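Computation of the quantities below employed the complete heavy-atom set of this structure, encompassing side-chain atoms and omitting hydrogens, waters and symmetry-equivalent molecules. Only a predicted model underlies this, so the values are computations on that prediction, with no experimental measurement involved. Residue numbering restarts at 1 for every chain, and letters A, B, ... go by the order of the sequence lines.
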Number of protein chains: 2
Amino acid sequence: MLTIGTLAKKTGTKVQTIRYYEQIGLMPEPDRTEGGQRRYGDAELDRLSFVRHARQLGFSLEAIRELLDLGDHPGKSCAEADAIARRQLKQVEQRLARLKALRTELKRMVQECSGGQTADCRVLEVLRDHSECLTDHEEIGA
Amino acid sequence: MLTIGTLAKKTGTKVQTIRYYEQIGLMPEPDRTEGGQRRYGDAELDRLSFVRHARQLGFSLEAIRELLDLGDHPGKSCAEADAIARRQLKQVEQRLARLKALRTELKRMVQECSGGQTADCRVLEVLRDHSECLTDHEEIGA
DNA sequence: CTTGAAGCTACATACACTGTAGCTAATGGG
DNA sequence: CCCATTAGCTACAGTGTATGTAGCTTCAAG
């Protein structure tokens, strides 16, 4: 039986985050000691590892909820899990494209800064005047 | 004199967002009509354009606050603005690198899915067992 | 039996908005 | 001048994904 702290260490999660996952129903309510402390078994360790790994791959908690549910029904079609993963891949590719445009713009901004006074600063100038941008970039909220 | 709605349209911002920026002190308190409605001039239009453009480039509101402050003092050294932009560029490059690793992993996951039952689903399997990953990826919170 | 680490709950905070409810002002047409 | 519509107003709650804090309790080792 693992304490919450041990589980946290084993999965690279903060203790609060585990309690948060429990609160939103992503992790089950575990057994408790007489004193009221949480104790976890291997099933919980596996589940939390799955969650953390999926989070590292950028899946939302909602997507993870679906994936967990699919995993709980071994007879179900794999197609849904595949769709979720494909959706995620697409999102990642979109973000990549946007970030690349941003990098270009930022690089240009920084390269042109001559180190003088802010009155002539290229960084501020570029920010002031969008028309100077060579690329499209619409990053907000990504 | 522009209404908040016109300003919103011209800058591609939601009306609420403009009021939010005012609330957090990023935009000044504008003049009001007798009836209490906000009216904006060109200075505000410029300022908001600057803010939105910087947001599109991924700068945080805090960074933007600093940049605005630098812009208000034309005699100051450009170095600070440059440092902020460089910091931002570095962040973008880090995110790019991480996203590339993620894409690789997700692509592999999706390619291997044979479309059978979830019991044999490669997508779920990969998520279950981190050791199957070929690349490092530590995306959370990016 | 004591001590100190680790656990507990409940609540606040972060970021950058977005949405809602319920009301008021401004504007254009008849 | 009156009415309807559009746009504005405030105040507050909610989003997602945690993280931090205060003040208390339990557990395990010595």
Starting at atom [atom1] of [X], determine the distance to atom [atom2] of [N], rounded to an integer number of angstrom.
{"X": "Gln23(B)", "N": "dC17(C)", "atom1": "CD", "atom2": "C1'", "result": "11 Å"}
{"X": "Arg32(B)", "N": "dT24(C)", "atom1": "CZ", "atom2": "P", "result": "16 Å"}
{"X": "Ile18(A)", "N": "dT17(D)", "atom1": "CD1", "atom2": "C1'", "result": "15 Å"}
{"X": "Ile4(A)", "N": "dT19(D)", "atom1": "CD1", "atom2": "P", "result": "13 Å"}
{"X": "Met1(A)", "N": "dA6(C)", "atom1": "CE", "atom2": "C1'", "result": "19 Å"}
{"X": "Gln56(B)", "N": "dC17(C)", "atom1": "CD", "atom2": "C1'", "result": "15 Å"}
{"X": "Tyr40(A)", "N": "dG7(C)", "atom1": "OH", "atom2": "C1'", "result": "11 Å"}
{"X": "Ile24(B)", "N": "dC17(C)", "atom1": "CD1", "atom2": "P", "result": "8 Å"}

Check your understanding: Would Arg122(B) and Glu125(B) count as a salt bridge (charged side-chain N to carboxylate O under 4.0 Å, His left out) if you check the C-alpha gap in whole Å, the side-chain angles of each, and the deciding distance to 0.1 Å?
Key -> CA-CA 5 Å; Arg122(B) 280 296 291 163; Glu125(B) 211 167 303; 3.2 Å; yes

From the list [options], which nucleotide is the closest neighbour of the side chain of [X]?
{"X": "Arg19(B)", "options": "dT10(D), dT18(C), dA28(D)", "answer": "dT10(D)"}
{"X": "Gln37(A)", "options": "dA16(C), dA18(D), dG7(C)", "answer": "dG7(C)"}
{"X": "Tyr20(A)", "options": "dC27(D), dC17(C), dT17(D)", "answer": "dT17(D)"}
{"X": "Gln16(A)", "options": "dT21(D), dT10(D), dC27(D)", "answer": "dT21(D)"}

Is any side-chain nitrogen or oxygen of [X] closer than 4.0 Å to OP1 or OP2 of [N]?
{"X": "Tyr21(B)", "N": "dC17(C)", "value": "yes"}
{"X": "Arg52(B)", "N": "dC17(C)", "value": "yes"}
{"X": "Thr17(A)", "N": "dT17(D)", "value": "no"}
{"X": "Thr3(B)", "N": "dG8(D)", "value": "yes"}
{"X": "Lys14(A)", "N": "dT17(D)", "value": "no"}
{"X": "Ser60(B)", "N": "dC15(C)", "value": "no"}
{"X": "Arg38(B)", "N": "dC9(D)", "value": "yes"}

Point to revise | Test side-chain hydrogen bond (donor to acceptor under 3.5 Å, both in side chains) applied to Tyr21(A) and Arg47(A), Gln16(A), Arg52(A), the passing residue | key: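 Answer after filtering Arg47(A), Gln16(A), Arg52(A): Arg52(A).
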
Practice item. Dump the intermediate steps for side chain to side chain contact (heavy atoms under 4.5 Å, CB included) on Ile64(A) and Leu68(A), then the final yes or no. Key: CA-CA 6 Å; Ile64(A) 293 170; Leu68(A) 282 167; 4.0 Å; yes

Exercise for review: Step by step, work out the side chain to side chain donor-acceptor pair (under 3.5 Å) result for Gln88(A) and Arg86(A).
Suggested key: CA-CA 5 Å; Gln88(A) 179 62 20; Arg86(A) 275 176 202 281; over 6 Å; no

Check your understanding: Is there a donor N/O on one and an acceptor N/O on the other, under 3.5 Å, for the side chain of Glu62(A) and the base of dG16(D)?
Key ->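 It does not, because no donor-acceptor pair links the side chain of Glu62(A) to the base of dG16(D) below 3.5 Å.
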
Practice item. Decide, yes or no, whether a salt bridge links Arg65(A) with Asp69(A) under the criterion of side-chain N to carboxylate O below 4.0 Å. Key: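 No, Arg65(A) and Asp69(A) are not salt-bridged.
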
Check your understanding: At under 4.0 Å between heavy atoms, what does Leu61(A) touch on the DNA or RNA strands: base, sugar-phosphate, or nothing?
Key ->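 Sugar-phosphate: the residue Leu61(A), judged by heavy atoms under 4.0 Å, touches backbone atoms but no base.
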
Review point. Nearest nucleotide by nearest heavy atom, which residue falls closer to the 5' end of DNA chain D, Arg39(A) or Arg39(B)?
Key: Arg39(B)

Practice item. Tell me which of Gly35(B) and Phe59(B) sits closer to the 5' end of DNA chain C, going by the nucleotide each one is nearest to. Key: Phe59(B)

Review point. Are Arg38(A) and Arg32(A) close enough that some pair of their side-chain heavy atoms sits under 4.5 Å apart?
Key: yes

